[in-house]
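One structure is given here, and the rest of the page talks about it.
Quick caveat: nothing in here was measured; it's all calculated off a predicted structure.
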There are 2 protein chains.
Amino acid sequence: MGKGEQTRQLIVDRALTMAQRIGLEQVTLGVLADELDLSKSGLFAHFKSKEQLQLEVVAEAVARFTSTVILPALKAPRGLPRVQQLFEGYLRWIDSASGSSAHTGGCILMAFSYEYDDRPGPVHDAIQKAMQDWLDCIARVAKTAVDAGELAAGLDVKQFAFEFDGLLMAFHHAFKLHRNPRAEPMARKALAHLLERSTPTR
Amino acid sequence: MGKGEQTRQLIVDRALTMAQRIGLEQVTLGVLADELDLSKSGLFAHFKSKEQLQLEVVAEAVARFTSTVILPALKAPRGLPRVQQLFEGYLRWIDSASGSSAHTGGCILMAFSYEYDDRPGPVHDAIQKAMQDWLDCIARVAKTAVDAGELAAGLDVKQFAFEFDGLLMAFHHAFKLHRNPRAEPMARKALAHLLERSTPTR
DNA sequence: ACACCAAAAGCACGGTCGTGCTTTTACCTC
DNA sequence: GAGGTAAAAGCACGACCGTGCTTTTGGTGT
């Protein structure tokens, strides 16, 4: 629990920041060390390989996503509020990842998933699992809304999660790549459409 | 119009294929030359810099997308059929990009946009433009359906394009990252939902 | 068939990559 | 404050990076 663990955390944090701008595979031990005023070998001594550093960076990203998006949502009351909070949490996630110069950042997990979707290995597996967990989480939360009678009884929650996720990706795309200021209102409208359709007929 | 242009095309093609697996930034002149049985310098002589090669690769990807997705859709009758054909074209695009070992490939433009969304430069600009054109195309096609009275008169076509695009991204995600065999049926259902909601009330 | 010119190769360069060593520094415990 | 241990640095390595040259090859037009 000494200094080692502390600098190790510093390294992972900085590597994550750097990966957000240039991609995880482009984060090089040399420039990472420079940026942290460390020697390359001093930095490397904390990890048994570059791949392990990458894995820790992915794990850190997942942990941040969980604490920023998922945990807060699970504190909301079961049912629709929770669905709503998943949405709000994701917006917060994209926003908080945006640097001061605006619109840098974005969903690092999305970026990772595109970077590694055709690169087999532990990194790919970790990302795939995180994304699957996210989809499952959406579906599970939707199920609580169904059980509460706030969403239609026959709702296909997997389908719901599919469309919910798509809407968030569209938001991310509009916000991040196109710098479209209407990204958020459009996302809210899309969510309204989705919820409206999934409402119980009475 | 001689042999030079031909090998140049061969290089760009192969670079695109490679970029699909490992990312454009990871396509290195050395391994590209090896794969084509060329010398590194012989290959390099065709381009004044690596960035120019990257730009040509992006241009090639855009050209393929246009001829696979957009042009065929524009041959369909104006209105709903065209919207439907944009959807079918995108599915074909993802499918055709899938290698023999199944599920490699995917939407290379999407991958590029995530790779370069925080890397300013000509490559970023080219990709951003291509994506904007795609969104505009969706909106324009939707407009033809509105004019034909096949979609609701008051429909916000930008919003429609936003949600249409999100649905395709969800499909891509499910198909590519999760290897979910239900990706296509889920996408069709999502499209049905979107169209249903956009139908004129009568 | 020959000359010409484009295409490819050969070679070299400074730099950086990831990863092993050994050596020095700095922190924590008595 | 001294001693031991953990952390960081120093150094070296083979390999590969992108990019310039010069030289050789080979296709084409006459």
Revision key, fill the gap. Here the distance between atom C1' of C:dA7 and atom CD of B:Gln9, to the nearest Å, is 17 Å
Point to revise | B:Val31, nearest nucleotide to its side chain (from D:dA7, D:dT19, D:dC17) | key: D:dC17
Practice item. Would you mind reading off the distance between A:Gln26 atom CD and C:dG18 atom P, rounded to a whole angstrom? Key: 10 Å
Practice item. For B:Leu10 and C:dA7, give me the distance from atom CG to atom C1', rounded to whole Å. Key: 14 Å
Exercise for review: May I ask you to evaluate whether A:Lys3 reaches the phosphate of D:dA8, defined as a side-chain N or O under 4.0 Å from OP1 or OP2?
Suggested key: yes
Point to revise | Pair of N/O donor and acceptor under 3.5 Å linking D:dG18 base with B:Lys40 side chain | key: yes
Exercise for review: Would you indicate which nucleotide in D:dA9, D:dT19, C:dA7 comes nearest to any side-chain atom of B:Leu29?
Suggested key: D:dT19
Check your understanding: C:dG20 P sits how many Å from A:Lys50 NZ, rounded?
Key -> 14 Å
Review point. Do B:Glu88 and B:Arg92 sit within salt-bridge range, that is, some charged N less than 4.0 Å from a carboxylate O?
Key: no
Practice item. Write down the distance between CG (A:Leu36) and P (D:dA7), rounded to a whole number of angstrom. Key: 16 Å
Point to revise | C:dC17 OP1/OP2 closer than 4.0 Å to side-chain N/O of A:Thr28 | key: yes
Review point. Can A:Asp125 and A:Lys129 be counted as an ion pair, charged N to O under 4.0 angstrom?
Key: no
Practice item. Determine: side-chain N/O of A:Ser41 to OP1/OP2 of C:dT19, distance under 4.0 Å, yes or no. Key: no
**Study point:** B:Lys48 NZ to D:dC21 P, straight-line distance once rounded to whole Å
**Key:** 16 Å
Check your understanding: Would you say A:His46 reaches D:dA6's phosphate, i.e. side-chain N/O to OP1/OP2 under 4.0 Å?
Key -> no
Review point. What residue among A:Asp34, A:Leu43, A:Ile11 forms side-chain contact (heavy atoms from CB on, under 4.5 Å) with A:Leu29?
Key: A:Leu43
Exercise for review: Would you mind classifying the nucleic acid contact of B:Leu43 as base, sugar-phosphate or nothing, using non-hydrogen atoms under 4.0 angstrom?
Suggested key: nothing
**Study point:** B:Asp156 side chain near A:Met186 side chain, heavy-atom distance below 4.5 Å
**Key:** no
Check your understanding: Side chain of A:Leu38: nearest nucleotide among C:dC27, C:dA9, D:dA9?
Key -> D:dA9
Exercise for review: Mind calculating the distance between CD (B:Glu5) and P (C:dA8) to the nearest angstrom?
Suggested key: 11 Å
Exercise for review: Figure out the CG/C1' separation between B:Leu24 and D:dG18, and round it to whole Å.
Suggested key: 15 Å
Exercise for review: Mark yes or no for a side-chain to base donor-acceptor pair under 3.5 Å between A:Ser39 and D:dG10, with no hydrogen or angle criteria applied.
Suggested key: no
Check your understanding: Looking at A:His46 and A:Arg8, what are the two nearest heavy atoms and their distance?
Key -> O-NH1, 2.7 Å
